[in-house]
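Order of listing sets the numbers, starting from 1, for every ligand and every atom in it.
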Amino acid sequence: MGFDPSDSRPVILDADPGVDDALAIMLALGSPELDVLGICTVSGNVPLDIGTGNALKVLALLGRDEVPVYPGAEGPLRKEAVYATEVHGPGGLGDSALPLPGRSPAGDAVSFMIETLSTRPREVTLIAVGPLTNLALAEAQAPGVLKKAREVCVMGGAVDEPGNVTPVAEFNFFADPDAARQVLRSGASVTLAPLDVTHRVALEASHLAQLPASPAGVFVREAVRPAMDLIGRVQNRHRIYLHDPLAVGLAIDPSVFGFETVFADVETEGILTAGQVVADRRSFSKDGNRKGLPVNCAMGVDAGRFLALFLSRILPSAV
Ligand code: BDR
Ligand code: CA
């Protein structure tokens, strides 16, 4: 039986594009299970204006100019902005050179989130693949609004896995630890894709060979090249981790993942530990008296199934 489009889940994608953010946008738009209401942008991998331009560029490439883009926070709640241009390139999309389309972004991300979640309570899934600043600002302006999301799927944090930007912190949580903490403590139905799963799924050179020589296929190859070279130099293997597409995968098909409830909080002050997920994994504690709040964490993934899904969804848009 075919997929019934009326079963499509309305989603808001909040991103800091970013190479893997661009792949997450391609996956979301290529997936009939999702109805992307809008893309919000946030300071993260690159400054806000560059990330917003990148969202517009990718949408134009895909012929999806009808999807609105809403710029959000220009920096984290409390700390100085940190960027990841050494991974994503100064323009955020690797070696690609997409033209910036003429259309302007729509209104403000935080207002869009508040309005959409409030008018459609428990219907809309928020997928957040950058620092969580926009979500925290929405919650501060409209307390309880994140609980109106059907689910908040987040790429962020590291539970049992080492960090990727410091020994213990993952980039999105490190970039705005206060926001991450506030979102986890908001009482919203949060599902996390931490590094524990995103480090298990990588796009390799052999996958790139499957991409057609179309504009979108060329874009993917050029966008991922510098990050693949960087990982190749460090790990002796050319690949990039599919961090952000995995958070989109949580909304498309949760059966690809294995989940655990983890009692967790986020360190906001530590000189060495800012952005660390502090998970209460003490074997002698009972759930009732663990520190932190219960968070549904994807801790396992069927990498082969996810990659097959990912490629089948981005390949048609790469034709
Ligand atoms: C996360 O950090 C960013 O660089 C990626 O886009 C992803 O969202 C991985 O730690
Ligand atoms: Ca990202």
Do V197 and V295 share a hydrophobic cluster, counting only Ile, Leu, Val, Met, Phe, Trp and Tyr and linking them when any side-chain heavy atoms are less than 4.5 Å apart?
no

Residue list, side chain to side chain donor-acceptor pair (under 3.5 Å) with D196, at least two apart or on another chain:
none

Are V69 and I114 connected in the hydrophobic side-chain network, where two residues link if heavy atoms are under 4.5 Å apart?
no

ILVMFWY cluster, V224 and L311 together (side-chain gap under 4.5 Å):
yes

Nearby protein N/O/S atoms (those under 3.0 Å) for the Ca ion (ligand 2), with water ignored
D16 OD1, D21 OD1, D21 OD2, V129 O, D244 OD2

Under a 4.5 Å side-chain heavy-atom rule over Ile, Leu, Val, Met, Phe, Trp and Tyr, are L34 and L27 clustered together?
yes

I need the I127 CD1 to M155 CE distance, nearest 0.5 Å.
13.5 Å

Check: T116 side chain, M113 main-chain N or O, donor-acceptor pair, under 3.5 Å
no

Please name all residues satisfying side chain to side chain contact (heavy atoms under 4.5 Å, CB included) with V87, sequence neighbours left out, ordered by chain then number.
A227, L230

Apply the salt bridge (Lys or Arg N to Asp or Glu O under 4.0 Å) test between R9 and each candidate in E123, E33, E151; give the one that qualifies.
E151

Pairs under 3.5 Å, N/O atoms on ligand 1 and on the protein: can you put them in a table with the distances?
{"unit_1": "ligand 1", "atom_1": "4 (O)", "unit_2": "N45", "atom_2": "OD1", "d": "2.6"}
{"unit_1": "ligand 1", "atom_1": "4 (O)", "unit_2": "H88", "atom_2": "NE2", "d": "3.0"}
{"unit_1": "ligand 1", "atom_1": "6 (O)", "unit_2": "D20", "atom_2": "OD1", "d": "2.6"}
{"unit_1": "ligand 1", "atom_1": "6 (O)", "unit_2": "D20", "atom_2": "OD2", "d": "3.3"}
{"unit_1": "ligand 1", "atom_1": "6 (O)", "unit_2": "D21", "atom_2": "OD1", "d": "3.0"}
{"unit_1": "ligand 1", "atom_1": "6 (O)", "unit_2": "N45", "atom_2": "ND2", "d": "3.0"}
{"unit_1": "ligand 1", "atom_1": "6 (O)", "unit_2": "D244", "atom_2": "OD2", "d": "3.1"}
{"unit_1": "ligand 1", "atom_1": "8 (O)", "unit_2": "V129", "atom_2": "O", "d": "3.0"}
{"unit_1": "ligand 1", "atom_1": "8 (O)", "unit_2": "N172", "atom_2": "ND2", "d": "3.0"}
{"unit_1": "ligand 1", "atom_1": "8 (O)", "unit_2": "D244", "atom_2": "OD1", "d": "2.6"}
{"unit_1": "ligand 1", "atom_1": "8 (O)", "unit_2": "D244", "atom_2": "OD2", "d": "3.2"}
{"unit_1": "ligand 1", "atom_1": "10 (O)", "unit_2": "N164", "atom_2": "ND2", "d": "2.8"}
{"unit_1": "ligand 1", "atom_1": "10 (O)", "unit_2": "E170", "atom_2": "OE2", "d": "2.5"}

